[in-house]
Structures are given as C-alpha cells and as structure tokens.
Amino acid sequence: MTTGKTTYNRRSFLKASLLSGGGLMLSVSWLSSVKAADKMEALNLPEQWAQLNGYIHITPDNVIKLICPNPEFGQNVMTALPMMVAEELDADWKNVVVDMGPHDNTKLGPQFTGGSNSIRMYWKPLREAGAAARQMLREAAAQSWSVPVEEVITKAGVLSHSSGKSAKYGEMASKAATLTVPKGMKLKASKDFSIVRKSQKNVEGKKIVTGKPLFGLDYRADGMLIAMIQHPPAFGMKLKSFDASQTLKMSGITDVFNLKLYEDNFEQGGFDTRTFNDLLVVVGKSTWEVMNARKKLLAQWEPAGDTKDTMSGRGGKREVTVPGGLESTSAQLEKMQEQAKKPAQQLRKDGDPETAFKNAAQIIERTYNAPFLAHNCMEPMNFFAHVTDEKALLVGPLQAPGWVEPTLSKLLNLPADKIEMQMTRMGGGFGRRAYGHYLSEAALISKKAKAPIKLIYTREDDMTYGIYRPMYTATYRAALDANKNLIGFHVKGGGIPEHAIHANRFPAGAVENYLAEGWEIPSNITIGAFRAPRSNFNAAAEQSFLDEVAEAMGKDPIEFRLELLKRARENPVGKNNEYDPDRYAGVLTLVRDKSGWNKADVATPGKETYHRGVAAYFCHNSYAAHVVDMVTRDGQPYVERVFSAIDCGIVVNPDAAKNMVQGAVVDGIGNAFYGALTHKNGAPEQSNFHNYRIIRHNEAPKQIDVHFVENDIDPTGLGEPPFPPVFGAVANALYKTTGKRQYNQPFKPELDKRI
Amino acid sequence: MLWVLRDHLDLPGTKYGCGIAQCGACKVHLNGVAVPSCQLPISAVGKQAITTIEGLSVNGDHPVQKAWLEHDVAQCGYCQAGQIMTAVALLKENPKPSDADIDSAMSGNICRCGTYLRIREAIKSVAKK
Ligand code: FES
Ligand code: FES
C-alpha cells in the first residue's frame, strides 16, 4: 500500500491512500489526545485502516464501501452517517455498501453514540470527506482526459465531460489516491441533496430479518469460555466469603474466583460508574452450564458500610463518599419529602420571586415524583474479552469506546495501542451502554482466567445490577395575580442522588419573576444517563404543571405556552436561556394544526371521544411536541393515537427518523404508565419482565403521525428529544380522561387504585 | 433449547431476552407453532421439527421478512427475529388477522425500541397480499 498525501484541519483530518489492489481509500479521523504522529504510523498498514472512525473505500471494480464511525444501537446511524458521505461524494446509493469499522481502536477518537449527537457531530466532517474524495476523482479524470477539472461533472458514481468521455469512480480511484486531498471544499446547498433527505432503508435490515450474528451476545471465538458474575443481593452489601465447592463439581465449570474491579484509590472517570466492586465470578464452557452452576454458589454477604470513590475527570480529582445502608423506596420517598422542606441550592433567579409570591392572588403548588428506571436494553449487557500480558481484544456492545479505553489501559496495565476494540451492533442502548464497567469486568476476568471469555449478564443481572435513571421529585409553584396573570414561577427539584432541574430552559426567560433550586441526597444505588437524562422527568413534571396553570388561568394549554414563548422571544427575561422561542413555538403550532387541536375533544362518528393531552419540550438542541389521544378501552385508559411535531433541523433519513420518533412515543407511554424500579432493603424489587412491566404490542398506539418542521438548519439531535414530552402529554390526557391529575410516576398503580 | 441453538449449533439468530417466557425474543417454530425456546427442554422436542429464523427462508425472502424490510421495521433489531417467527406462525394460522388477533398473537413479544406500529403494518401488508 502506498500512502498518499495528508492534510489536517482543526477538527479532523482526511487521508488518501492507494489500496494494494489499486483504488482509493479516504479516511476521516477525529483527533483525540493521541499525538498525530502516532496516528500516521497506524494509518500506514491496511489492517489498521480499520481503526479509523470513518472512511471511503473505492475499489477499481467500483465498489464503494463506507464505514460507519459510530456504534449502532437502533438509531440507524449506520445508514444515516454514510448517507451524508455519499451525498457529497455523489455516489450511487444503490451501489454503496456499509460496514461498522472493524477492529476499531479507540485511540482514534471518541466514536460516541449518545447525547443525540451522532448526526450533529459528523454532519460537517463526513460531508467534507465525501466532497474531498469527489474532487480528487474529478481531478484524476481531468488529468486523464486533459480537460479542465471544472468541466468534469459527477452524477451517481460516474464522472463525465461534455466531450462524451465518462468513467465510473472505480476507474479513476487509483489515480485519485495519488493526489493531494483538497481542503475547504464547498458543500452542497440542501436544495441539491439527492440522497440526504430521501428515505433510505436500514443498511443492516436484511441481516436483521435473517438472524445474522450482529450482536455482542452472538459473538464467538475459538476456545471462548463463558463467565457470569454473582453480585450481592442488595445495594449496600458486599461479599464476605464464599464456598464454591458445589459449583466446581458441576459439569463444564472451569473456574470460580473473586476479584476487585477497581483497586482502592483507583481514579474513576465520569463514565467508570460501576455497581459492585467485589466480583464473584463463575467461568465455564457454556452459558447454560455456567448459569446453573452459579446457582450452587454459597456466598455470604455483609454490609459494605460507607465507601470512598476517587473520582477524576470533570470537576477535578476528588473523594466521594458513598453512603452505606440498605435503602428502601418508601424510606427514600420520606427522605425526599423532608429534604424538600430544607433550603436548597439556588440555580437561577430572575426578578423578585419572593415578592411576586407574597403578592399573589392565587398560588398553585404541585409536587411530582418519579422512581428509578432500569434501561432494560433488549440485549442484556455482555462483552467478549481476550486479555494476555501483551495485548487485549474486546468485542461487544458499547456506546462510548473512547471513554472506557483509558480505564482499561490502567486496569490492564497495557498501553492504549495494545487494546483493540470491536463494536458490535447493540440490542438497545438508551444510555446504559455509555458505562463500560461490564467491559472492564470482562477484561479482568479474561486476564485472571487466562482465556478468551464472554461475560454475560442474565436479564436478572442486567436489571438488578444497573446504572439506573435517578429517583426524582420536584415542586412547582406558580403565582397568579388577581387578573390571573402569571407573575411568578418557582421550581425546586431534588433527587436521589441528583436532581433533574435544567434551570435555563423554558419557562425560564418567559416569566418576570423566576426561581429554580435544586438539592440532592446521596445514595449507594448507582445511576447514570437514561434516554434524555433529567429532561425525561422535567418534561413530565413541568408540562403537567403548565397544563394545570393554563387551566387555572382559563387558557388553552397550547395558547398559554405560545404566549409565554412570545414573551421569551420579544422581551426575554434573564440571561442564558437555552432554547429558541421560535422553534419551540414552531412545533407547538405544527402539532396544533396537524392534530386538529382546535376541534377540542375530537369525536369520531361511531367511536368514543378522544381525550387529548399536549406537551412540548426542548432538549439536545431539538424541539418536540405531542398531542396524545386517549380513549377508555376495557375500562382502562389507552393511548390510541398520537400526533408528533419535531424540529431537529434537516432530517437526514426521514422514514428512519419517523421510526425513531414513533419508538420514543411508545417508550414514553410505556415508562409513564409502568416504568419503575423500586428497592426494599437495598434489593431491587423487580428482576425480570414478569415484574418489571414493559409496554407491549396491544398497549401501543395504533397510529403515530410524525411531522417534521421543514427548515435548512444543520441537523440537531433526534434520539432523545421526542421522548421526554410524551410523559407530560400522557399525564394531561389522563386528566381529561379520568378527571384526576397525575403526580406520581408510574401512573398505572394509581389508576388501578382508583378503579 | 435456546442455549443449545445458540452455543452448540451456532444458530445465534434466536435471541435471549429474559429466559422466563416473558419477551418472545427466543421464539422458534415447533411444528409450525411459535414457542419460546427458553422454555423448551431438549427432551421434549424428540423428533418434532424445529425452525429458527435462520431456517425461515434460504435467501431471506419469506413474505414476512420482505414485509419487514419494506416497512423498515427494525430499530436495534434484537427482538425482530422473535417478532418475525411469531408473525409467521400467526399468518399461517390466520391469514387475515384482525387488529385484535394481531394484539393477542404479538403481545408476548417485547420490543424495547417500540417498533410495534410498524410490526402491525408489516403483518397487515402480508395479510393483504
Ligand atoms: S428469552 Fe425466551 S421468552 Fe424471553
Ligand atoms: S427493535 Fe430493538 S427491541 Fe425491538
């Protein structure tokens, strides 16, 4: 392989190379902390090309292969990201093949799938990569044909000139690879898109419907053993002693041992969260054997007491005390009520809220609560690891390989370039797989067992050994004057172990006198990101509350929000308002129009009246609004129909985007009605789908109409934004259906009490 | 049965989701009927025919698989083999299922990504043909 010329710019670098069989390979890499020189070294060998985050690969026989840089967990980045490259490349989408980067080595960049950020983060660099490659192909054709490069045009993977000359990309690829990679290419105007903004099918669709081994759990290697961890029965407990004699007698069992995930004083990064540190491990030949043998372990557990974690990363190095004790949901609720009465940290204050509330003619005060939630990814946590003294190979489902790499390097005492990670398709992520502790566990187990192993969590492990959505509460207060004008707004939010308040979001900026406060209660129950962290509670509480305030003011809930947004646009209160009032209002008016909102409770002839609830929210740079239409079916409230309006800028792959919004709506309805992880004496009370209820086919709406605001704004997030407002819309529709407001999630138990 | 398929026969298309007959990810056909393989002892199978997602069609072109692609049903895709096996069995038994029939046949299969609407549409499109 011959290496071509390389050019750098601030955010990424492109690199052209000649493939050994001829042809062009163009790669994009995100510069991380690794020195560029190391990268150059790594790029020179073909097998290490696969370490790159993204690249274009063209063979002489015109195969165009695009590699998806970001791990895929169902948000369809494997289709959307390559579409962006292909657009500027002017490739023929029909002839493009897509692969997840094999043997991804995390030293080449974060490759983070999460925070609704994939498309946004790659929007410019991937298109630049496509445009640069196209330009090099044009240049090669121009030289071959002795014509000016400006006269060479491209269309669907073919170069041509008015003289009648034409060539497929593949024919020019080898020559193009010897040329300098151009910089600062002009990108297409969105009106000229021919691939982006047109619905393209999931590139892995066929593999999915035929059951190909795409997932981490499907991965196998020669000599691979299976490992499972027996974790303590409750948070706040740790291993005291164990007797494995019975287990070791079982067929197929090769090893039982305990090990520590992090040694004392190990500096944890922000995503090194783990549930239990002392691991009791069973290793054996097959899943079934290990699963059964694990049941024969005789383990003694004891209270862990207060423990200390050393944290680094954001916020600097610090010691954090994790309280001991066995927590129960009922006691946690009481504790939260107590704490809510105490002074809290002020997060934002505008005007003079104290006086506004003092002078109010009416004060509305409501408190909302929500439980811990388990992610319940359909594919439980698992990872393959083969660690030797020299190197490590890790294969499995992970949202953020770049974040766990430094951790692994420290744990295994191996330099980053000796750690190779391959990303499999993920059976769901929802934030759970941003925490790579299960990969670190697998690595340490492999090292100790001196064998390639796959660590598998059973569903029970996955659910009871989680990094949960925190438990939240918030008290909202609104001050109305004698004319029913909103003169003050106050939110005080708390949580175990963190609160959910986004102090600078709507309705901040729209109310003259505003106060936001937050407080937290530490806990030993582990928490982390869950689809739209914090927002997923805020939108439920705040949007229910605004509905109630609108009612008290005698206003239509959409009109009321639009009035507030008008204020935020024309004469914003305070600073740092995070949202764009116009775009926020845009989704509200769109959903109002598309749902026929002004027809009030819509009666369909011969059918029951729909009871409607509306909510909207801004997060991850995008705007979402839903109207939920509820009926009573078999005596139960049921969401039959939903209208959604979304502003996420340019929609790269419309039908797939629609699918994602529909999924978020279903997920929101399900979690609003049923989602809860509760604890008794530290032990999770739910362990599998028989007692952790997930929304099912018959409970999902029969119609979800998704409408996108059409604009030319660069794409913003979509995986998370549609999710949070579903909770509020459901709560508001429930009020219309049952006459009762909902304050405690999940809603189903209270509805059952009522019936 | 599930782990024999996955670990010993190298047929990983059949998925593990719960192990307790609650999610449907592991569904296979036993004499044409969709059953959770996680509940199926090998001894109970005897000489009966088992079909997994891998055996549904040679080229992935079973009408239900085609409908799934046409409606671009999958998100993460993990549950879809189980969904497809259940849908195939339903349509065999009941070529023109009503909404209620689909509800009752498909409610044993969880899709955490929430693709239920498209599953329903895909089933209906096959029923129409
Ligand atoms: S794994 Fe068999 S039903 Fe869930
Ligand atoms: S597509 Fe992800 S669980 Fe169904």
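A, B, ... follow the sequence lines: proteins, then strands. Residue 1 opens every chain. Note that the structure is a prediction, hence the values are computed from the model and not measured. As a basis for the values below, the full set of heavy atoms in this structure was taken, side chains included, without hydrogen atoms, waters or symmetry mates.
In this structure the side chain of B:Cys76 never reaches within 4.5 angstrom of the side chain of A:Glu72, judged on heavy atoms. In this structure, the side chains of A:Phe430 and B:Arg112 come closer than 4.5 Å at one or more pairs of heavy atoms. Side-chain contact between B:Tyr116 and A:Ile695: present, with at least one pair of heavy atoms (C-beta onward) separated by less than 4.5 Å. A 4.5 Å side-chain heavy-atom check between A:Gln662 and B:Thr115 finds every atom pair outside the cut-off. At least one side-chain heavy atom of B:Ile84 sits less than 4.5 Å from a side-chain heavy atom of A:Val209. Within the 4.5 Å cutoff, the side chain of B:Ile119 has heavy atoms near those of the A:His697 side chain.
Between chain A and the options B:Gly55, B:Gly13, B:Gly77, B:Cys111, the largest number of non-hydrogen pairs under 4.5 Å is found for B:Gly77. Of the listed residues (A:Val665, A:Ile456, A:Ile669, A:Thr458), the greatest number of heavy-atom pairs within a distance under 4.5 Å of chain B belongs to A:Thr458. Ranking A:Pro380, A:Pro701, A:Cys377, A:Ala656 against chain B, the residue ahead of the rest is A:Pro380, based on heavy-atom pairs under 4.5 Å. The candidate with the highest count of non-hydrogen atom pairs below 4.5 Å against chain A, out of B:His62, B:Glu70, B:Lys66, is B:Glu70. When each of A:Ile226, A:Ile704, A:Val666, A:Thr287 is checked for heavy-atom pairs under 4.5 Å with chain B, A:Thr287 comes out on top. Note on B:Lys15, B:Gln80, B:His8: by heavy-atom pairs under 4.5 Å with chain A, the leading option is B:Lys15.
Going from atom NE2 of A:His690 over to atom SG of B:Cys23 covers 13.0 Å, rounded to the nearest 0.5 Å. For the atom pair CZ (A:Arg696) and CG (B:Asp103), the distance works out to 12.5 Å, reported to the nearest 0.5 Å. Between atom CD1 of residue A:Ile694 and atom SG of residue B:Cys18 there is a gap of 11.0 Å, rounded to the nearest 0.5 Å. From B:Ser107, atom OG reaches atom CD of A:Glu699 across 7.0 Å, with rounding to the nearest 0.5 Å. Atom-to-atom distance recorded for A:Ile208:CD1 and B:Cys79:SG is 9.5 Å, nearest 0.5 angstrom. B:Asp72 CG to A:Thr79 OG1: the interatomic distance, rounded to the nearest 0.5 Å, is 7.5 Å.
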Discussion item. Test salt bridge (Lys or Arg N to Asp or Glu O under 4.0 Å) on A:Asp655 and B:Arg118; report intermediate values, then the result.
Written reply: CA-CA 11 Å; A:Asp655 187 54; B:Arg118 283 172 188 242; 3.1 Å; yes
Worksheet item: Would B:Trp3 and A:Met291 satisfy side-chain contact (heavy atoms from CB on, under 4.5 Å), going step by step from the backbone distance to the final call?
Response: CA-CA 11 Å; B:Trp3 296 108; A:Met291 223 184 244; 3.7 Å; yes
Discussion item. Before you tell me yes or no, could you show the steps for A:Trp288 and B:Leu2 under side-chain contact (heavy atoms from CB on, under 4.5 Å), namely the whole-Å CA-CA distance, both residues' side-chain angles and the distance that decides it to 0.1 Å?
Written reply: CA-CA 9 Å; A:Trp288 184 247; B:Leu2 170 63; over 6 Å; no
Worksheet item: So A:Thr210 and B:Glu54, side-chain contact (heavy atoms from CB on, under 4.5 Å) or not? Walk me through it.
Response: CA-CA 6 Å; A:Thr210 52; B:Glu54 289 94 342; over 6 Å; no
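The closest side-chain donor-acceptor pair between A:Asn659 and B:Gln75 falls under 3.5 angstrom. A donor atom on one side chain and an acceptor atom on the other are not found under 3.5 Å apart for B:Asp7 and A:Ser286.
When the shell of 6.0 Å around NZ of B:Lys128 is examined, it contains 12 or fewer heavy atoms from other residues, nucleotides or ligands. Within 6.0 Å of CD in B:Glu93 there are 12 or fewer heavy atoms belonging to other residues, nucleotides or ligands. Heavy-atom contacts from other residues, nucleotides or ligands closer than 6.0 Å to NZ of B:Lys92 number 12 or fewer. At most 12 non-hydrogen atoms from other residues, nucleotides or ligands lie less than 6.0 angstrom from NZ of A:Lys285.
In this view, B:Val35 and B:Val28, B:Leu30, B:Val33, B:Leu40 satisfy the side chain to side chain contact (heavy atoms under 4.5 Å, CB included) rule, not counting sequence neighbours.
Contacts of A:Lys658 with chain B are made by both backbone and side-chain atoms, with heavy-atom separations under 4.5 Å. If you measure heavy-atom distances from A:Phe723 to chain B, you find no contacts under 4.5 Å at all. In this structure, chain B has a heavy atom under 4.5 Å from the backbone of A:Gln703, while its side chain stays farther away. Proximity to chain A (any heavy atom under 4.5 Å) is shown, for B:Val4, by neither the backbone nor the side chain. Of the atoms belonging to A:Gln200, it is backbone heavy atoms, and not side-chain ones, that fall under 4.5 Å from chain B. With a 4.5 angstrom heavy-atom cutoff, A:Asn671 touches chain B only via side-chain atoms.
In this structure, A:Arg459 forms no cation-pi arrangement with B:Tyr16, as its terminal cationic atom is not both closer than 6.0 Å to the ring centre and no more than 45° off the ring axis.
Looking at B:Asp99 and A:Lys702, no side-chain N of the basic residue comes within less than 4.0 Å of a carboxylate O on the acidic one, giving no salt bridge.
Although no hydrogens or angles enter the test, the distance criterion places a donor-acceptor pair under 3.5 Å between the side chain of A:Arg220 and the main chain of B:Arg6.
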